[in-house]
There are 2 protein chains.
Amino acid sequence: MDTRISLLDSAERAVRQRGFDGFSYADLSKEIGIRKASIHYHFATKADLGFALIERYAERFFATLADIRNSGGSAAEQLRSYIQIYRDALAEGEQVCLCVALSAGRDSLSTEVLDQLNRFHAESIAWLTEVFERAAQDGSVSGCALPIEDASAALALVEGAQLLARARKDVSLFNQGVAALIARLATHPVH
Amino acid sequence: MDTRISLLDSAERAVRQRGFDGFSYADLSKEIGIRKASIHYHFATKADLGFALIERYAERFFATLADIRNSGGSAAEQLRSYIQIYRDALAEGEQVCLCVALSAGRDSLSTEVLDQLNRFHAESIAWLTEVFERAAQDGSVSGCALPIEDASAALALVEGAQLLARARKDVSLFNQGVAALIARLATHPVH
DNA sequence: GTCTATAGACTGATAGAC
DNA sequence: GTCTATCAGTCTATAGAC
């Protein structure tokens, strides 16, 4: 097995459960069975580890979004898929998405990590804006305003709904939070 | 001056800027000019401090919500006031609301703090549900679904929008996130 | 690449004088 | 109520052997 990947996997789970300040090299050490000092061979500093985490995360995430876009479904179908990603990320209410975990953490994340975080938000809004622009044409989403405003609201909504669900360790709170948005989505192909 | 109150003020600012794990008794010590050990006289453990923080916060918050309810404005006006509380709490994008800060922090907050946090969410949704029920009657909010779903969405939205704004230290991202909701609010008295 | 050993700083918390 | 002094534990990080 690749130790570096095991470390990233373990660290990602830890950040999403307990925050960036909520786990240590000692935790990773125990979990994957390697000494603390050896971790520094793979990630010289914890900031480096943080950067690698969000870099890998963004790559995976936007690959998934590209797949959804290319699937050719209606805007409503694509939004449903988008929401599902955030619901899955909750993992029974134990975790939040990596970006929610980092957004809310210490404000002394390294500048590089913060930049990646803002890039993640910007690209998410750009992707969602395209979806809502398509919605204005295919009519599969009701009650639309300006695409960029709908997009920003959708991102804020899924991230906020994760926060609520995690506090109570209960996915149904996430579902309740996104229910009004889902109710706006057409359930049948529009044409 | 009351030392206990100074400590609470200082700690609240710290939590909202850096998270519960992001500040220490040493930080408070420097800020208010008292020795670390003396803080333990007022709050025996950090968990006790956390509990006092959210207790005071919830009290203040729900007193404000009660004022808004009693002001007798339309549902739209009351929602605008509600959103304004969250915008104000951002303080130039440097801070988030205490509950956002705690929701996203370590999952080993004491059970008591977690209970208070969930009580806060539940009461917020209850207050907002009443507002959306009134909206169904006074017609001052367009595009409504089920009151409880609109309420949950509104809470998730303002909390999520704070997350986005704070990551970029830019309140305009908050405004962009809530713009679509604000667009649904009638700007003139409905009757 | 992984190990042992350790540095140096910081953490929350306690004992006991004033 | 606030102080000095100190504790045991944790943290990230480094040096150097294997």
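All chains are named by letter (A, B, ...) in the order of the sequence lines, taking the proteins before the strands, and each is independently numbered beginning at 1.
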(Q) Distance to the ring centre below 6.0 angstrom and angle to the axis at most 45 degrees; does that hold for Lys46(B) and Phe23(B)? (A)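 Ring-cation test returns yes.
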From [atom1] of [X] over to [atom2] of [N], roughly how many Å is that when rounded to an integer?
{"X": "Phe23(B)", "N": "dC10(C)", "atom1": "CZ", "atom2": "P", "answer": "17 Å"}
{"X": "Lys30(A)", "N": "dC11(D)", "atom1": "NZ", "atom2": "C1'", "answer": "12 Å"}
{"X": "Ile34(A)", "N": "dC3(C)", "atom1": "CD1", "atom2": "C1'", "answer": "10 Å"}
{"X": "Asp21(A)", "N": "dG12(C)", "atom1": "CG", "atom2": "P", "answer": "12 Å"}
{"X": "Tyr25(B)", "N": "dA9(C)", "atom1": "OH", "atom2": "P", "answer": "24 Å"}
{"X": "Phe20(B)", "N": "dT11(C)", "atom1": "CZ", "atom2": "P", "answer": "14 Å"}
{"X": "Ile39(B)", "N": "dT14(C)", "atom1": "CD1", "atom2": "P", "answer": "14 Å"}
{"X": "Leu28(B)", "N": "dT2(D)", "atom1": "CG", "atom2": "C1'", "answer": "16 Å"}

From the options [options], select the nucleotide whose nearest atom is closest to the side chain of [X].
{"X": "Tyr41(B)", "options": "dA13(C), dT2(D), dT2(C)", "answer": "dT2(D)"}
{"X": "Lys36(A)", "options": "dT12(D), dG1(D), dA13(C)", "answer": "dT12(D)"}
{"X": "His42(A)", "options": "dA13(D), dG1(C), dT2(D)", "answer": "dG1(C)"}
{"X": "Ala37(B)", "options": "dT14(D), dG1(D), dC3(D)", "answer": "dC3(D)"}
{"X": "Thr45(B)", "options": "dT2(C), dT12(D), dA13(C)", "answer": "dA13(C)"}
{"X": "Arg35(A)", "options": "dC11(D), dC3(C), dA13(C)", "answer": "dC3(C)"}

Q | Any donor-acceptor pair under 3.5 Å from Arg16(B) side chain to Gln95(B) backbone | A |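 No.
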(Q) Please tell me whether Phe120(B) and Phe61(B) form a close aromatic pair, meaning their ring centres lie under 6.0 Å apart. (A)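 Close enough - the centres of the two rings lie under 6.0 Å apart.
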Q. So, for Trp127(B) and Phe62(B), is the gap between ring centers shorter than 6.0 Å?
A.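 Aromatic pair excluded; centres sit 6.0 Å or further apart.
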Q: Check whether any side-chain nitrogen or oxygen of Thr3(A) sits under 4.0 Å from OP1 or OP2 of dT2(C), and answer yes or no.
A: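 Yes, Thr3(A) has a side-chain N/O under 4.0 Å of OP1/OP2 on dT2(C).
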Q) Would you call Arg60(B)-Glu12(B) a salt bridge at under 4.0 Å N-O? A)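 Here Arg60(B) pairs with Glu12(B) in a salt bridge, since their nearest N and O are under 4.0 Å apart.
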Q: Have a look at Ser38(B) and say if it touches a base, only the backbone sugar-phosphate, or nothing, with a 4.0 Å heavy-atom cut-off.
A: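 Contact class for Ser38(B): base.
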